[in-house]
Protein chains: 2
Amino acid sequence: MPTSTVEQYIKIIYTQQEHLEKGVVPMKRLSEAMGVTPGTATTMVKHLSDVQLVTYHPRQGVLLTAKGEDLALRMLRRHRLIEAFLEQVLGYDWSEVHADAERLEHAVSDKFIDKLDRYLGYPEVDPHGDPIPSSSGSIESAVTVPLNTCTPGRRVRIVRLLDDDPDFLVCMKDYMIFPGEDFILQESSAVAGTVTVEHLRTRGSATVGYGLAGRILVAEP
Amino acid sequence: MPTSTVEQYIKIIYTQQEHLEKGVVPMKRLSEAMGVTPGTATTMVKHLSDVQLVTYHPRQGVLLTAKGEDLALRMLRRHRLIEAFLEQVLGYDWSEVHADAERLEHAVSDKFIDKLDRYLGYPEVDPHGDPIPSSSGSIESAVTVPLNTCTPGRRVRIVRLLDDDPDFLVCMKDYMIFPGEDFILQESSAVAGTVTVEHLRTRGSATVGYGLAGRILVAEP
DNA sequence: TGTTAGTTTTTGAGTAGTCAAATTAGATCC
DNA sequence: GGATCTAATTTGACTACTCAAAAACTAACA
């Protein structure tokens, strides 16, 4: 059975991998995401490679194996179901669910997770709109595009936010930017570095940084 | 902040202490309850003493300090609230709540526990009838006596079972011996080593070993 | 081509916990 | 008072992580 440290590394490698959209995850990135020194990450990655969870390309980076991806999806399932539970049942604010879920996900049994899944009514997404993998390890996410790639004038629906930072989430909530809300994209300028949207119902408008808008995924209906 | 290993030692020392009803907990007992070798327990106890959680009497045993007792009650609160949650909300059988709670209790935050407490409606006891300490650390248990000290013929109400062994609990459940149920004590013999009770409602009778009956706490109304 | 900047790896050391096995201290019993 | 039994302690070693700092590699640019 993997230790919780191993579980954490694998989960991070998975998210960095899909985040980067390119092959391998370099050590610097991994060590920063894990909050450890690069040397520590190298040591750990060698070990992960020994137990076949990743393939390690020295001086380039790591890539999950099928076995590693399996574990990553199991962890993501745990994490997101726990986040949903914390928000829907215990009344956490969506900005604070991440930290507690991060600790709980390594302590729960499969039985716990399956019972929790049933209790919650088999939700498909967590409070941030992240899709929840099934118990068999399949995951399907809606077709979305980053907000900063949409053309102004279009109507968009917020589907997912790729960020766990509480401050950012609180801020987005103030702007009504959370999954399910509809907006009109008013302006999007890489040069000015801003994206402005107007909330469909309330007519309130919000401006966010261009980079951050890339982490807001929307659907164009 | 104490590590989860430290938390576990402190909780075990607390329960052994009240279990034994006498002063100090000897190393053998502690090491067995923790599932480690005696040498390991000695090493750990010295450390616990360094951080003022216990007072260590070499070659005799350990005793919790006020600070240690505080931590023990916090852990007991966590453990028992989680047990209640697993049974009442997620539908665990009472025989299986212990193991999962044991792992979760070290991973939850104070915020989590307080919100869980509210969600459960501030329960006073867990599924085994063990009293749940308040968030301020006070604990009050009902007046009870071990079943094997009652006089035959008397009516008794099961209040609490001092055992976490799943096999034992499943067995007790089959006999209807769980908190809230009423019985007539038919026979109790230290010599024969058995205690026989009759369930008040169903008239079914059950016989358990004299030693085990000492771990069944009842109220004599 | 040679220098430099940035990344990655190696090395040596530390922390928290564990075990096995040798040793020591207490108690008990003739 | 010794012999003996048991519980407790010490010792040395191992695992799983971690860091700091030195060394090595890569890429890129003058």
Side-chain angles (χ1 to χ4, degrees), chain A residues 1-13 16-17 19-20 22-64 67-68 71-72 75 102-103 105-107, chain B residues 1-13 16-17 19-20 22-64 67-68 71-72 75 102-103 105-107:
Chain A
M1 228 214 326
T3 65
S4 62
T5 312
V6 166
E7 288 177 345
Q8 192 63 18
Y9 271 91
I10 294 300
K11 204 186 64 182
I12 294 283
I13 293 169
Q16 291 299 320
Q17 216 170 287
H19 223 264
L20 281 153
K22 60 169 167 172
V24 300
V25 180
M27 284 316 175
K28 194 178 183 218
R29 191 143 196 139
L30 176 57
S31 62
E32 273 168 6
M34 280 297 300
V36 297
T37 60
T40 303
T42 300
T43 309
M44 188 50 161
V45 156
K46 280 184 183 164
H47 171 242
L48 295 178
S49 174
D50 285 348
V51 296
Q52 333 268 317
L53 285 166
V54 304
T55 52
Y56 170 43
H57 302 284
R59 299 202 176 266
Q60 294 184 76
V62 271
L63 195 64
L64 289 182
K67 188 178 158 196
L71 178 56
M75 296 318 296
E102 193 86 340
R103 303 190 50 209
E105 68 193 19
H106 305 294
Chain B
M1 228 213 324
T3 65
S4 61
T5 311
V6 166
E7 288 177 346
Q8 192 63 18
Y9 271 91
I10 294 300
K11 203 186 64 181
I12 294 284
I13 292 169
Q16 290 299 320
Q17 216 169 288
H19 223 265
L20 281 153
K22 62 167 167 176
V24 299
V25 179
M27 284 317 176
K28 196 180 182 216
R29 190 141 196 140
L30 175 57
S31 61
E32 274 167 5
M34 279 297 301
V36 298
T37 60
T40 302
T42 299
T43 310
M44 188 51 161
V45 156
K46 279 185 183 163
H47 171 242
L48 295 178
S49 175
D50 285 348
V51 295
Q52 333 269 316
L53 285 166
V54 304
T55 50
Y56 170 42
H57 303 284
R59 301 207 173 259
Q60 295 185 74
V62 271
L63 195 65
L64 290 181
K67 187 178 160 197
L71 178 56
M75 295 318 296
E102 193 86 340
R103 302 191 48 208
E105 69 193 19
H106 306 294

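Everything numeric here is computed off the predicted structure, so don't read it as measured data. Within every chain, numbering begins at 1; the chains are lettered A, B, ... in the order of the sequence lines, protein sequences first and strands thereafter.
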Is the distance from OP1 or OP2 of C:dA16 to the nearest side-chain N or O of B:Thr5 less than 4.0 Å? no
Could you tell me whether the phosphate oxygens of C:dG17, OP1 or OP2, come under 4.0 Å of any side-chain nitrogen or oxygen in B:Thr43? no
Dump every N/O contact between nucleotides 4-8 of chain D and the protein below 3.5 Å, one line per pair.
residue: D:dA7; atom: OP1; partner: B:Lys28; partner atom: NZ; Å: 3.3
residue: D:dA8; atom: OP1; partner: B:Met27; partner atom: N; Å: 3.3
residue: D:dA8; atom: OP2; partner: B:Lys28; partner atom: N; Å: 2.7
residue: D:dA8; atom: O3'; partner: B:Arg59; partner atom: N; Å: 3.2

Whole angstrom value for the distance that separates [atom2] of [N] from [atom1] of [X]:
| X | N | atom1 | atom2 | value |
| --- | --- | --- | --- | --- |
| A:Met34 | D:dA16 | CE | P | 16 Å |
| B:Asp50 | C:dA16 | CG | P | 11 Å |
| A:Leu48 | D:dC17 | CG | C1' | 12 Å |
| A:Leu30 | C:dT9 | CG | C1' | 14 Å |
| A:Ile10 | D:dC17 | CD1 | P | 12 Å |
| B:Gln8 | C:dG17 | CD | P | 12 Å |
| B:Glu32 | C:dC19 | CD | P | 13 Å |

With a cut-off of 3.5 Å and sequence neighbours excluded, list every side-chain donor-acceptor pair involving residues 26-35 of chain A.
residue: A:Arg29; atom: NE; partner: A:Gln16; partner atom: OE1; Å: 2.7
residue: A:Ser31; atom: OG; partner: A:Met27; partner atom: O; Å: 3.1
residue: A:Ser31; atom: OG; partner: A:Lys28; partner atom: O; Å: 2.9

Check: A:Gln60 side chain, A:Val24 main-chain N or O, donor-acceptor pair, under 3.5 Å: no
Using atom types as modelled and distance alone, determine if a side-chain donor or acceptor of A:Gln52 lies under 3.5 Å from a backbone N or O of A:Lys67. no
Smallest separation among heavy atoms of A:Met75 and A:Glu105, with atom names: CE-O, 3.7 Å
How far apart are the closest heavy atoms of A:Val62 and A:Val54, and which atoms are they? CG1-CG2, 3.8 Å
Give B:Thr40 one of three labels, base, sugar-phosphate or nothing, depending on what nucleic acid heavy atoms sit under 4.0 Å from its own. base
Between A:Thr42 and A:Tyr56, does the side-chain contact (heavy atoms from CB on, under 4.5 Å) criterion hold? Intermediate values first, please. CA-CA 9 Å; A:Thr42 300; A:Tyr56 170 43; 3.8 Å; yes
